[in-house]
Amino acid sequence: VQLQAYGGGLVQAGGSLRISCAASGSTTGFNGMAWYRQAPGQQRESVATASNDGRTEYSGSVKGRFTISGDNAKKTMYLQMNSLKPEDTAVYYCNSGGYYIGQYYFPGPVWGQGTLVTVSS
């Protein structure tokens with residue numbers, strides 16, 4: 001399975017953007033979905049995670065503004081980002097095959113190549 005993230009770009013603060021991640025190869029859909037991001041000079045951090053039973057979790061900095069979703073028929077996951085802030089600027093990576101243990105989410109082995117989101121002030 002391979003993941004291809006796309007849809008990043010330049011957006012003004014307060015704007016919205018939806019990024020996508022398409023899966024290819026032998027897969028019937030996502031078994032766990034996640035988006036991570038990495039800003040320049042920073043470590044990669046979890047942004048949004050989801051399991052097949054409907055559980056979703058968001059980092060405190062994006063909760064209420066971002067929404068993770070997926071379409072198994074299209075083998076595509078999405079991250080809808082609203083009320084964007086300059087501090088949301090980062091390369092966003094999608095991940096599949098992860099799972100929750102208690103309050104923690106463990107990412108799966110498959111990563112997309114990343115798509116750059118730049119938010120101007």
Side-chain angles (χ1 to χ4, degrees):
V1 175
Q2 292 183 324
L3 300 178
Q4 177 81 32
Y6 59 95
L10 177 64
V11 62
Q12 287 188 331
S16 297
L17 192 67
R18 188 179 78 164
I19 56 177
S20 305
C21 176
S24 61
S26 179
T27 177
T28 57
F30 298 109
N31 185 20
M33 304 183 293
W35 287 94
Y36 290 72
R37 69 185 181 187
Q38 186 168 18
Q42 303 294 317
Q43 288 189 333
R44 189 174 298 190
E45 63 173 352
S46 173
V47 174
T49 59
S51 61
N52 286 3
D53 62 1
R55 176 178 177 179
T56 57
E57 302 285 348
Y58 298 90
S59 69
S61 61
V62 308
K63 197 169 186 178
R65 300 188 296 121
F66 290 13
T67 303
I68 186 173
S69 63
D71 186 333
N72 281 333
K74 295 182 179 180
K75 293 193 270 188
T76 302
M77 71 172 84
Y78 307 98
L79 185 67
Q80 177 67 44
M81 303 181 289
N82 299 327
S83 302
L84 282 160
K85 304 175 181 180
E87 51 263 43
D88 294 319
T89 295
V91 176
Y92 285 72
Y93 298 91
C94 52
N95 176 272
S96 69
Y99 53 90
Y100 293 107
I101 296 180
Q103 64 178 316
Y104 298 105
Y105 186 87
F106 293 85
V110 184
W111 292 88
Q113 88 291 355
T115 186
L116 176 63
V117 174
T118 303
V119 184
S120 63
S121 57

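Fair warning: this is a prediction, and the values are worked out from it, not measured in the lab.
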Quick one: closest heavy-atom pair of Val1 and Ala23, and the distance?
CG1-CB, 4.4 Å
To the nearest 0.5 angstrom, please state how far the CG atom of Leu79 sits from the CG atom of Leu17.
9.0 Å
Identify, with sequence neighbours excluded, every residue that meets side chain to side chain donor-acceptor pair (under 3.5 Å) alongside Thr76.
none
Mind checking salt bridge (charged side-chain N to carboxylate O under 4.0 Å, His left out) for Glu45 and listing every partner two or more places apart, or none if nothing turns up?
Arg37
Using the salt bridge (charged side-chain N to carboxylate O under 4.0 Å, His left out) criterion, which residues pair with Arg65? Sequence neighbours excluded.
Asp88
Search all heavy atoms of Gly7 against all heavy atoms of Thr115 and return the closest pair with its distance.
N-OG1, 3.9 Å
Find the distance between CD1 (Ile68) and CE (Met81) and round it off to the nearest 0.5 Å.
12.0 Å
For residues Tyr93 and Gly112, report the shortest heavy-atom separation together with the two atoms involved.
CD2-O, 3.6 Å
ring-ring contact (aromatic ring centres under 6.0 Å, His included) against Phe106, all qualifying residues, sequence neighbours excluded
Tyr99
Working to the nearest 0.5 Å, report the span between OG of Ser69 and CZ of Phe30.
10.0 Å
Please collect all disulfide (SG to SG under 2.5 Å) contacts where either partner lies in residues 34-88, sequence neighbours excluded, each pair once.
none
Shortest non-hydrogen contact between Gly25 and Lys75, atoms and distance
O-NZ, 3.8 Å
Please name all residues satisfying side chain to side chain contact (heavy atoms under 4.5 Å, CB included) with Val11, sequence neighbours left out, ordered by chain then number.
Leu84, Val119
When rounded to the nearest 0.5 Å, the distance separating CG of Asn95 from OH of Tyr105 is 5.5 Å
For residues 36-81, pull every pair meeting ring pair (Phe, Tyr, Trp, His ring centres under 6.0 Å), keeping only residues two or more places apart or in separate chains.
Tyr36-Trp111
CD-OG1 distance between Gln42 and Thr89, expressed to the nearest 0.5 angstrom:
12.0 Å
Ignoring hydrogens and geometry beyond distance, is a side-chain donor-acceptor pair present between Tyr100 and Thr49 at under 3.5 Å?
yes
List the residues meeting salt bridge (charged side-chain N to carboxylate O under 4.0 Å, His left out) with Arg55, not counting sequence neighbours, and say none if there are none.
Glu57
Of the non-hydrogen atoms in Pro86 and Ser121, which two are nearest, and what is the gap between them?
CG-CB, 3.8 Å
The criterion is side chain to side chain contact (heavy atoms under 4.5 Å, CB included); which residues satisfy it with Asn31, sequence neighbours excluded?
Asn52
Only pairs at least two apart or in different chains count here, so list each disulfide (SG to SG under 2.5 Å) that has a residue in residues 84-121.
Cys21-Cys94
Do you reckon Val110 sits in the same ILVMFWY cluster as Met33, going by side-chain contacts under 4.5 Å, direct or chained?
yes
For Gln4, give me all partners under side chain to side chain contact (heavy atoms under 4.5 Å, CB included), at least two apart in sequence or on another chain.
Gln113
With sequence neighbours excluded, what pairs up with Gln80 under the side chain to side chain contact (heavy atoms under 4.5 Å, CB included) test?
Ser16, Arg18, Thr67, Asn82
Which pair of non-hydrogen atoms, one from Gly97 and one from Pro109, has the smallest distance, and what is that distance?
O-CD, 4.5 Å
